[in-house]
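Here the structure comes first, spelled out in structure tokens, and everything after it is commentary.
When a ligand or atom number is given, it counts from 1 through the structure's own listing order. These numbers were taken from a predicted model, which means no experiment stands behind them. Residues take their numbers from the sequence shown, with the count starting at 1.
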Amino acid sequence: MSSFPHFLVMPYPILGHMNPLLQFSQVLATRGCKITFLITEFNQKRMKGEIEHLGEHMKFVTLPDGLDPEDDRSDQSKILSLRRTMPSKLHKLIQDINALECDNKITCIVVSKNIGWALEVGHELGIKGALLWPASATSFASFQSIPKLIDEGIIDPQTGLPTRKQEIQLLPNSPMMDTAKLPWCSLGKNFFLHMVQDTQSLKLGEWWLCNTTCDLEPGALAMSPRLLPIGPLMQTDTNKSSFWREDPTCLNWLDQFPPQSVVYVSFGSLAVMDPNQFKELAIGLDLLNKPFLWVVRPSNDHNKVKNAYPNEFHGSKGKIISWAPQKKILNHPSIACFITHCGWNSIIEGVCGGIPFLCWPFFSDQFINKSYICDVWKVGMGLDKDENGLISKGEIRKKVEQLLGNEDIKVRSLKLMELMVDNSAEEGQSSKNLEKFINWAKG
Ligand code: UDX
């Protein structure tokens, strides 16, 4: 029997989950652990085999996701149905792997959220499990609080929606939040009911690892000793898990600009912008009269939203790309600020680059993440909607100017960056936690 643990790592098949689990796997692999990384057949085809060369200790395996080839994989209600067919296939896959790997059987399963059933499969087979939560510890704590929120009559047990308008403090030392902005409220009743079940299954994980640090969310991390911060996960060569081709030319393009002069605009892998809002943003970026780098993902055939630029837009100061090497960009000296949807991975990457944020949350945990940026760490500002529900071009220009003129925010952003780096240094808290986790997996 090998003295190094063998992990089966399985992300829910969206980029915001695959990226942190892939980075985590690489960290484990560099410490001698063996990794079997499970992706869906659909995603393997989509990534054209690019991630399969990430190191000798990592092996990639696939399973069908059970959806039709033409189904929209960005539709969460569709991919939540993985539970229908995947558990039995996973059961067999693990048995087959272990039959072949007599000396190095799978010792631990690590999953992201939404697929707690994979921990149930591991449990049936006597294999221990852990969760790597791909968002903030605070959002994890909010899902754990669902029974309490129901008991106290704060949310409806069937829909998860607030029973009345109010602000609550979910945890000591966390910002007040509007209950309408709880992470499940924007995702519909079925998603809420799914999460109630998933949160139960995820309790089978003996550790709830989180891509965060003890400085970022001390209040949420105090919730349970099982919640272990291991962030920031920041290997820069792992954006290979892209569904779109990265445009490498933008790094050379950035080189021509002075330090802290370019506005970076990106809304992650899922957010879809209303066409009128898209036009307003385009004109707002023109109005800045500054260089900007804007990621506009190719239009999605399923939702038929087309990114139509308005006639007035000339974009002469900017560069528009369909997918960026984001971590490299956020570490480029020319970047002045980041207009972001507040996805947790983007936030961790921006904080590690010491970049001030302009927050434009779309759904789910992104509202809580915005509160941390603006109200707790104070490393950014929020963009406010007007009476038509749009973030206007004038608002974009005004807030970029205010943000770039705010020296206190810049100083705090750099301080927060230093704290992040300290955590992943050899004696840092996250490194120690990782060691603890690997030792547990060996036992
Ligand atoms: C999802 C959810 O939407 C988010 O709310 C949750 O916190 C995490 O899971 P996503 O919307 O894709 O994620 O956002 P984010 O968490 O920011 O992840 C996007 C990833 O794609 C980041 O790692 C980022 O580096 C990468 N990216 C994004 C690129 O590599 N290039 C780009 O052009 C844009």
Side-chain angles (χ1 to χ4, degrees), residues 11-24 26 43 47 50-51 73-76 79 112-115 132-140 142-143 181-187 191 195 210-212 216-217 231-251 254 264-273 293-298 300 319-332 335 338-353 355 357 359-373:
Y12 179 64
I14 62 171
L15 259 194
H17 294 205
M18 291 178 68
N19 273 352
L21 269 76
L22 201 50
Q23 291 175 68
F24 177 63
Q26 282 210 302
N43 280 345
M47 293 185 286
E50 287 215 42
I51 60 168
R73 266 75 178 173
S74 63
D75 177 349
Q76 301 297 299
I79 41 176
S112 67
K113 70 171 163 150
N114 292 339
I115 48 170
L132 175 53
W133 184 260
S136 68
T138 305
S139 76
F140 178 74
S142 71
F143 283 101
K181 297 278 166 71
L182 285 163
W184 50 85
C185 289
S186 48
L187 298 172
F191 182 84
M195 276 314 295
C210 203
N211 184 14
T212 189
L216 287 182
E217 305 176 86
L233 293 168
M234 276 302 290
Q235 274 64 28
T236 49
D237 56 344
T238 46
N239 267 0
K240 291 243 169 32
S241 63
S242 288
F243 294 161
W244 302 274
R245 189 169 292 277
E246 280 179 2
D247 183 333
T249 63
C250 56
L251 291 165
L254 280 177
Y264 175 56
V265 189
S266 167
F267 303 104
S269 65
L270 291 174
V272 176
M273 195 171 278
L293 179 62
W294 181 14
V295 179
V296 180
R297 293 193 322 269
N300 177 341
K319 185 169 174 68
I320 297 174
I321 54 175
S322 54
W323 195 246
Q326 181 163 297
K327 284 185 226 137
K328 289 184 186 146
I329 288 186
L330 290 170
N331 278 290
H332 195 287
I335 296 295
F338 182 10
I339 302 185
T340 172
H341 70 308
C342 301
W344 187 248
N345 296 294
S346 291
I347 291 180
I348 291 290
E349 291 158 13
V351 168
C352 287
I355 308 289
F357 297 91
C359 299
W360 185 322
F362 281 68
F363 56 81
S364 192
D365 58 327
Q366 296 161 11
F367 299 103
I368 309 187
N369 299 344
K370 174 195 166 186
S371 302
Y372 270 87
I373 290 175

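Asn345 places a side-chain N or O within 3.5 Å of a backbone atom of Gly16 that can act as its donor or acceptor partner. Under a 3.5 Å cut-off, the side chain of Arg297 and the backbone N or O of Val272 do not form any donor-acceptor pair. Checked by atom type and distance alone, the side chain of Ser74 never pairs as donor or acceptor with a backbone atom of Leu270 at under 3.5 Å. Using a distance-only test at 3.5 Å, with no hydrogens or angles considered, no donor-acceptor pair links the side chain of Arg245 to the main chain of Ser322. With hydrogens and angles disregarded, no donor-acceptor distance shorter than 3.5 Å links the side chain of Ser364 to the backbone of Gln366.
Below 4.0 Å from some heavy atom of Gly343 lie the following atoms of ligand 1, by number and element: 4 (C), 7 (O), 14 (O), 15 (P), 16 (O), 17 (O). Close contacts between ligand 1 and Gln366 involve ligand atoms 3 (O), 4 (C), 5 (O) [criterion: under 4.0 Å to a heavy atom]. Every atom of ligand 1 with a heavy atom of Ser269 under 4.0 Å away is listed here by number and element: 10 (P), 11 (O), 12 (O).
Considering backbone and side-chain atoms together, Trp344 places an N or O closer than 3.5 Å to an N or O of ligand 1. Below 3.5 Å of separation, one finds no N or O of Ser266 facing any N or O of ligand 1. Ligand 1 has no N or O atom lying under 3.5 Å from any N or O atom of Asn369, backbone or side chain. Taking only nitrogen or oxygen atoms, main chain and side chain alike, Asn19 reaches within less than 3.5 Å of ligand 1. For ligand 1, none of its N or O atoms has an N or O atom of Ile14 under 3.5 Å away. Considering both main-chain and side-chain atoms, His341 comes within under 3.5 Å of ligand 1 through a nitrogen or oxygen pair.
With a 4.5 Å cut-off on side-chain heavy atoms, Cys250 and Ile329 count as touching. By the 4.5 Å heavy-atom criterion applied to side chains, Phe267 and Ser346 are not counted as neighbours.
At a heavy-atom distance under 4.0 Å, no atom of Ser364 approaches ligand 1. With a heavy-atom cut-off of 4.0 Å, Phe363 touches ligand 1 through its side chain alone.
Proximity annotation for atom 18 (O) of ligand 1: of Ile347, Asn345, Thr340, Asn345 comes nearest, heavy atoms only. With Gln76, Glu349, Lys328 as candidates, the residue nearest to atom 24 (C) of ligand 1 on a non-hydrogen basis is Glu349.
Listed by chain and number, the residues in a ring-ring contact (aromatic ring centres under 6.0 Å, His included) with Trp344 amount to none (sequence neighbours excluded).
Ligand 1 does not have Lys327 within reach: every non-hydrogen atom of the residue lies 4.0 Å or more from it.
Using a 3.5 Å distance cut-off with no hydrogens or angles, the side chains of Tyr372 and Ser136 do not pair a donor with an acceptor.
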